[in-house]
Amino acid sequence: MPPHGVEHRAEQASLLAGILHDRSTDPRYAELINVVEESSLVVDRKSPEAVNVRELRREYDRERRLPRRLVEETARVTALASQIWSEARRDNDFMAFAPWLDRIFALAREEADAVGHNGTQYDALLDYYEPGMTSSQLSEVFASLQMNLCPLVDALRGARRSASAGLLSREFPLDRQRLFGESVAAALGFNLQSGRIDTAHHPFCTLIGPGDVRLGLRYYARNFARGILGLLHEVGHALYEQGLEPAHYGTPMGEAASLGMHESQARLWENLVGRSEGFWRHFYPQLQRSFHEVLHGVSPNRFRDALNRVNPGVIRVEADEVSYDLHIFIRVELERALLAGDLFAVDLPQAWSELYARHLGVTPKNDRMGCLQDGHWSEGLIGYFPTYSLGNVYGAQLFAAAERELGSLDDAFAAGDFDSLRRWLLEKVYRHGQRYTAATIVEAATGTAPDPSALIESLAGRYPTAL
Ligand code: ZN
């Protein structure tokens, strides 16, 4: 869309949001929900009908509390702000975006108050992305992550400096990366009869309809790690989508439990599978054959050292596995302060830099590399960032539980068996849709409520500091 098209597009987005709001709060719709709620269909509260009506009721109740004017204004302002953000980022001009950021947080406060909360506006927003999660639970999770990961990152910063840093910035021809990536996706269980793989500017996974899951992937000639890890991440999302019941398509029973649970699958396949020794015992010979001119004489261990290098930086999407959650922690701290009115947009760049210096030991050289790097806030996604870390937390717990039940997953991967893990996840997570909340799914599958200790243990075990 040309830049001048944005005004009209914002008006259209606003109109559509208003029409959708009217339809989803129509009194006739409420009557129909009532009829099902009082029928015998919902006697078994785990039946698909009961789950669907429970979730539709929840959505209806939330939507009904929002005035149409607010829904329209939010759609209009975020459509405009997304464009302003992308120009501000291009020009490294945060001040052009700052007033829009304040407007978006003001609208978010209004939304939280309209929806209702127990004194913490953030809870009302968080609940939209991660049903059932609260600020106070989140504070505990992040306090534990921050306390354990900051020292680990610090210790690894020095220890791994000798790893083969330059190895993965050699040139890996793009066409061969694509072929290798597609064979990996198929081996992990991505069903090409029910999906497609294409290339795109930003990696994504999207469900078009039953039997049609699309992956858009991107490869980098001089950054092999980013391409393959991005692929594994999106394949993780796709396995969840392909594991949902097609018969429930279009209803809550046919949708992922939460954004955090969705992200848990992406991070599990990306990090716990894709960085593992077993995975590369299986795939490295094939990789070495495909890229013999760059990997000739490079041992599998040296390759994995390069892939798993810990090197805290300023960009979230390029972060290593150990420092990643600290990037999220910083965003969550800042968005809570912005929402509470304790921080104003004009002061964001300084607050951002201070937190990066304190927790990651790095400082962005400009706002483009700092607080302008992510588009989430410009799109009105406030309370969304925590789902990335919750995904890491759930993923580590699920992986540990799968390993307890199935035996060594590393051995399975080395033998090319990725199906045992996928089937376990299908049984414990995918097929349930929204029957249970993410926390309940985690607890039923692992025996413990969501808790960051499995993630911390997994990282500490896989990234020993005494190297
Ligand atoms: Zn993701």
Side-chain angles (χ1 to χ4, degrees), residues 126 128-131 133 138 141 145 181 184-185 188-190 195-208 213-220 223 225-244 255-275 315-332 335 373-399 421-422 425 429-430 433-434 438 441-442 450 452 455 458-459:
L126 180 62
Y128 184 71
Y129 303 108
E130 197 64 17
M133 183 60 59
L138 210 56
V141 169
L145 288 175
V184 169
L188 299 191
F190 180 73
R196 268 187 68 94
I197 303 178
D198 294 276
T199 50
H201 187 70
H202 290 293
F204 68 86
C205 166
T206 193
L207 176 73
I208 304 293
V213 175
R214 304 288 177 97
L215 291 182
L217 303 172
R218 183 165 181 187
Y219 304 96
Y220 307 82
N223 191 344
R226 191 166 176 190
I228 188 71
L229 293 170
L231 173 136
L232 291 162
H233 183 100
E234 301 307 332
V235 166
H237 281 305
L239 293 178
Y240 198 169
E241 291 293 344
Q242 289 189 334
L244 293 164
E255 283 164 20
S258 72
L259 278 180
M261 189 55 93
H262 222 311
E263 190 64 8
S264 79
Q265 296 312 297
R267 300 289 289 176
L268 183 154
W269 289 93
E270 173 188 355
N271 292 324
L272 301 172
V273 180
R275 294 177 184 276
I315 305 291
R316 175 183 65 87
V317 297
E318 293 174 5
D320 60 75
E321 189 189 359
V322 185
S323 60
Y324 187 88
D325 290 300
L326 298 174
H327 290 262
I328 303 303
F329 165 71
I330 290 170
R331 284 155 181 72
V332 174
E335 70 179 4
Q373 69 182 268
D374 291 314
H376 300 59
W377 291 334
S378 77
E379 291 171 40
L381 302 177
I382 296 157
Y384 183 110
F385 276 120
T387 66
Y388 291 112
S389 283
L390 292 171
N392 287 330
V393 167
Y394 302 160
Q397 275 181 274
L398 290 168
F399 191 85
L421 175 61
R422 190 183 58 81
L425 292 165
V429 182
Y430 306 163
Q434 296 187 347
I441 289 175
V442 168
L455 174 62
S458 165
L459 289 169

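For ligands, and for the atoms within them, numbers begin at 1 and follow the listed sequence.
Excluding water, every protein N/O/S atom under 2.8 Å from the Zn ion (ligand 1) is given here by residue and atom: His233 NE2, His237 NE2, Glu263 OE1.
Here the side chain of Gln434 pairs a donor or acceptor atom with the backbone of Ala256 at under 3.5 angstrom. Of the possible polar contacts, none joining the Asp374 side chain to the His376 backbone as a donor-acceptor pair under 3.5 Å is found. The main-chain N or O of His201 is found under 3.5 Å from a side-chain atom of Arg218 such that the two form a donor-acceptor pair. The backbone N or O of Cys205 sits less than 3.5 Å from a side-chain atom of Glu234, completing a donor-acceptor pair.
The CG atom of Asp325 sits 7.0 Å away from atom CZ of Arg267, with the distance rounded to the nearest 0.5 Å. To the nearest 0.5 Å, the span separating OH on Tyr240 from CG on Leu207 amounts to 12.5 Å.
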